[in-house]
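Below is one structure, written out as structure tokens; comments come after it.
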2 protein chains.
Amino acid sequence: MITSKDVARLAGVSQPTVSRALNDHPKVSAATKQKVREAARALGYAPSAVGRALSTGRTTRVGLVVTDLDNQFYSYVIAPMHDELGRLGHELVLVTEADETGPIAERLISLGLAGVVLATTTVDSILPARLQDRGMPFVYFNRVAGVEADAVVVDPSAGVEALARAVADAGHKRAAAIFGPHNTSTGEERERAMRAALEEVGISLSQRDVVHGPFDFESGRRGAHELLGRDGAPSLLICANDLVALGALNAAAELDIDVPGRVSIIGFDDLPPSRWALVQLSTVAYDLEAMSREAARLIVSRVQGDRGAPARRVAFGTTWVPRATVGPSPR
Amino acid sequence: MITSKDVARLAGVSQPTVSRALNDHPKVSAATKQKVREAARALGYAPSAVGRALSTGRTTRVGLVVTDLDNQFYSYVIAPMHDELGRLGHELVLVTEADETGPIAERLISLGLAGVVLATTTVDSILPARLQDRGMPFVYFNRVAGVEADAVVVDPSAGVEALARAVADAGHKRAAAIFGPHNTSTGEERERAMRAALEEVGISLSQRDVVHGPFDFESGRRGAHELLGRDGAPSLLICANDLVALGALNAAAELDIDVPGRVSIIGFDDLPPSRWALVQLSTVAYDLEAMSREAARLIVSRVQGDRGAPARRVAFGTTWVPRATVGPSPR
DNA sequence: ATCGGTAATGCATACGCATACAGTTGCCTC
DNA sequence: GAGGCAACTGTATGCGTATGCATTACCGAT
């Protein structure tokens, strides 16, 4: 390994001078900087992030904490977040932990992360409190929990209300729903917003026609098989997110149920597959890419100093995007 | 920050004893280990990966180098690779670099990565040679380049040959194709295998009916618009991978071309969306998850010592998976 | 010519951990 | 009862970088 000491020897200066020269310290002469830079280039010197981290007590690594990394939702989060972090001189480290009660806080500290983005916090997780105790900066992404902290969230109301009006106008009277888990703020909030909006427009949602499950394809597939398999099923199926809706759409195809002829299906997120011509899922959209980038910016600004600043909350609005999976209520 | 020195003070031992105790060094008495462990727990001590890395000259971070992180193919790679790395006590750091001629080798060294998985190497990339010069262990994933090194690859032949026989039996005589980029080993190899297999069964592939493009959805969409828009287009469209095929399928939907009534479409990879009831893409399958895990195991074993061992090459076989997008040739 | 001052650089050290090596026990053996 | 050995544990040090402080050199001013 090539160290700053090697560069120093070649440039004929001391090691600290190399450090200062390469970090563009103002009290190093231009001539020396030039000399050092040339020596560094000649040797192909790359400063060790490890040495720097130990010396400064800080790293440039940001952790993205996700429990279900195989959920495709995150593929649309990771790319922009990683890109924005890179732009800001930071790296992305993926961290999963099935069990948030375990020693994950210790693990995050141990990894030498500068800060953390929590993307799958459940409301009963003790992780936020632990992180706060330890002084580890963090940002909630999409979901929030008890502890006050920076957060990037979605405000479902606008999109959901527009959706409700649209389906009411299309003549739907009874809805079914596959909602998200109760222990996530996102699940609860969307469910609350949706129930309120449906009630507002006079669409009924019987307890018999509601199931809950994780935010994934299989949950949608299973839920739809259960809800749509029966006789006299509602004409409208509302899903916790797009992946659930895609699962439901596929279940409908498996059951040979016409969409939107017999049932209309609605998602939430507007992931790219929803826009496919083959799919054309009606959904509630928001700017997930911008949201991912915003989370990156928030955690970096938090890491770089303003530890004491009050918690910021950035909310992204939603819009209703009607596509081919919604139609008039049959009969 | 809580350090081993704090633990040492509380436990009434020296710092090195803490280090040895927690690393289960054989020459530390059981009583001392117990005492140290209790002190560590009481303080919530988490060993600093940074300090350890500096001291041992090694980290547990593995980089996954990808140019187009937003390509959904990688979402199906990242989850299992991350999981397997975690199992082996390592972390995954994502690294992208649009320009592989830049100082990326230096960056990889600088980041303090123990090893690297190259997932989007082009055959003309200088990165592998650079890494080899620097003594940075790496593994080719899916694609390979000039420098000899560990590699995890797909052998397309079995699946492609079965595919060719199947479509010949279905009466197809003329094919079109959207192949991958010429500067990727994967693109070239699949094209070669496919051309050979088609020739073997007497299906023609006119130069007019071939386009090349990146391995993504848009490439398939664009290519299909070009190839299928014309009169007298072939009855069979072969795509470089599933994402390309999904793009092509969607283009067909946009053009109102019946699949497989007027054209049969074939992919390569068997990504989960291909299995959706809505999609049912006929494709050449291999075990991408196992492949991702294998890459993780290879790089870790390389990092943990056997630097000198000869390069290993693990090839995954393919099978032909006929689904709904392939049918008999019209007329 | 001497001195103060400033700009530039070197010296010493710290960060947290691991490890070679040097002690310190205590116990066994003869 | 003395020497020796095993079993532990402490001391010293190094990893690569950054930074406070001391030092040098050189300038201008008196």
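By convention in this document, chain letters (A, B, ...) are assigned in the order of the sequence lines, proteins followed by strands, and residues within each chain are numbered from 1. Quantities reported herein were computed from a predicted structural model and do not represent experimental measurements.
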Audit row: A/T122, A/S125, side-chain hydrogen bond (donor to acceptor under 3.5 Å, both in side chains) steps and yes/no: CA-CA 5 Å; A/T122 52; A/S125 170; 4.7 Å; no
Touch class at under 4.0 angstrom, heavy-atom based, for B/V18 against every strand present: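 Touches nothing.
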Sugar-phosphate only, base, or nothing, as touched by A/S29 at under 4.0 Å among non-hydrogen atoms: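 Sugar-phosphate contact only.
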[X] [atom1] to [N] [atom2]: how many Å, rounded?
| X | N | atom1 | atom2 | result |
| --- | --- | --- | --- | --- |
| B/H25 | C/dA18 | NE2 | P | 12 Å |
| A/K33 | C/dA8 | NZ | C1' | 11 Å |
| B/L54 | C/dC17 | CG | P | 11 Å |
| A/K5 | C/dT13 | NZ | C1' | 13 Å |
| B/N23 | C/dT19 | CG | P | 7 Å |
| A/L22 | C/dT9 | CG | P | 13 Å |
| B/R58 | C/dG16 | CZ | C1' | 19 Å |

Passing option when A/H90 is tested against A/R61, A/E84, A/Q304 for side-chain contact (heavy atoms from CB on, under 4.5 Å):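 That would be A/Q304; it is the only one of A/R61, A/E84, A/Q304 passing the side-chain contact (heavy atoms from CB on, under 4.5 Å) with A/H90.
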Any N/O pairs under 3.5 Å between the protein and nucleotides 20-26 of chain C? List them or say none.
| unit_1 | atom_1 | unit_2 | atom_2 | d |
| --- | --- | --- | --- | --- |
| C/dA20 | N6 | B/R20 | NH1 | 3.3 |

Leading and trailing nucleotides of DNA chain D with any atom under 4.0 Å from heavy atoms of chain A: D/dG16 to D/dG20
Under the salt bridge (charged side-chain N to carboxylate O under 4.0 Å, His left out) test, residues paired with A/D6 that sit two or more places apart: A/R9
Residues B/R297, B/E294: salt bridge by 4.0 Å N-O rule: yes
Note: A/D150-A/R313 ion pair, threshold 4.0 Å (strictly below):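 A salt bridge is absent here (no side-chain N lies under 4.0 Å from a carboxylate O).
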Whether [X] side chain and [Y] backbone form a donor-acceptor pair below 3.5 Å:
| X | Y | value |
| --- | --- | --- |
| A/S110 | B/P47 | yes |
| B/D68 | B/N71 | no |
| B/H182 | B/E188 | no |
| A/S4 | A/V18 | no |

Bending between helix ends of the helix from C/dA1-D/dT30 to C/dC30-D/dG1 [5 pairs per end, 10° resolution]: 60°
Pair B/Y76 + B/Y74: ring centers closer than 6.0 Å: no
For B/S301, side-chain hydrogen bond (donor to acceptor under 3.5 Å, both in side chains) partners two or more places apart: B/R312
With sequence neighbours excluded, residues passing side-chain hydrogen bond (donor to acceptor under 3.5 Å, both in side chains) with A/S55: none
Less than 4.0 angstrom between a side-chain N/O of [X] and OP1 or OP2 of [N], yes or no?
| X | N | result |
| --- | --- | --- |
| B/T3 | C/dG16 | no |
| B/S19 | C/dA18 | yes |
| A/T32 | C/dA8 | no |
| B/S4 | C/dG16 | no |

Nearest-nucleotide comparison on DNA chain D, the residue closer to the 5′ end among B/G12 and A/A46: B/G12
Nearest-nucleotide 5' precedence on DNA chain C, A/K35 against A/S55: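 Nearest nucleotide further toward 5': that of A/K35.
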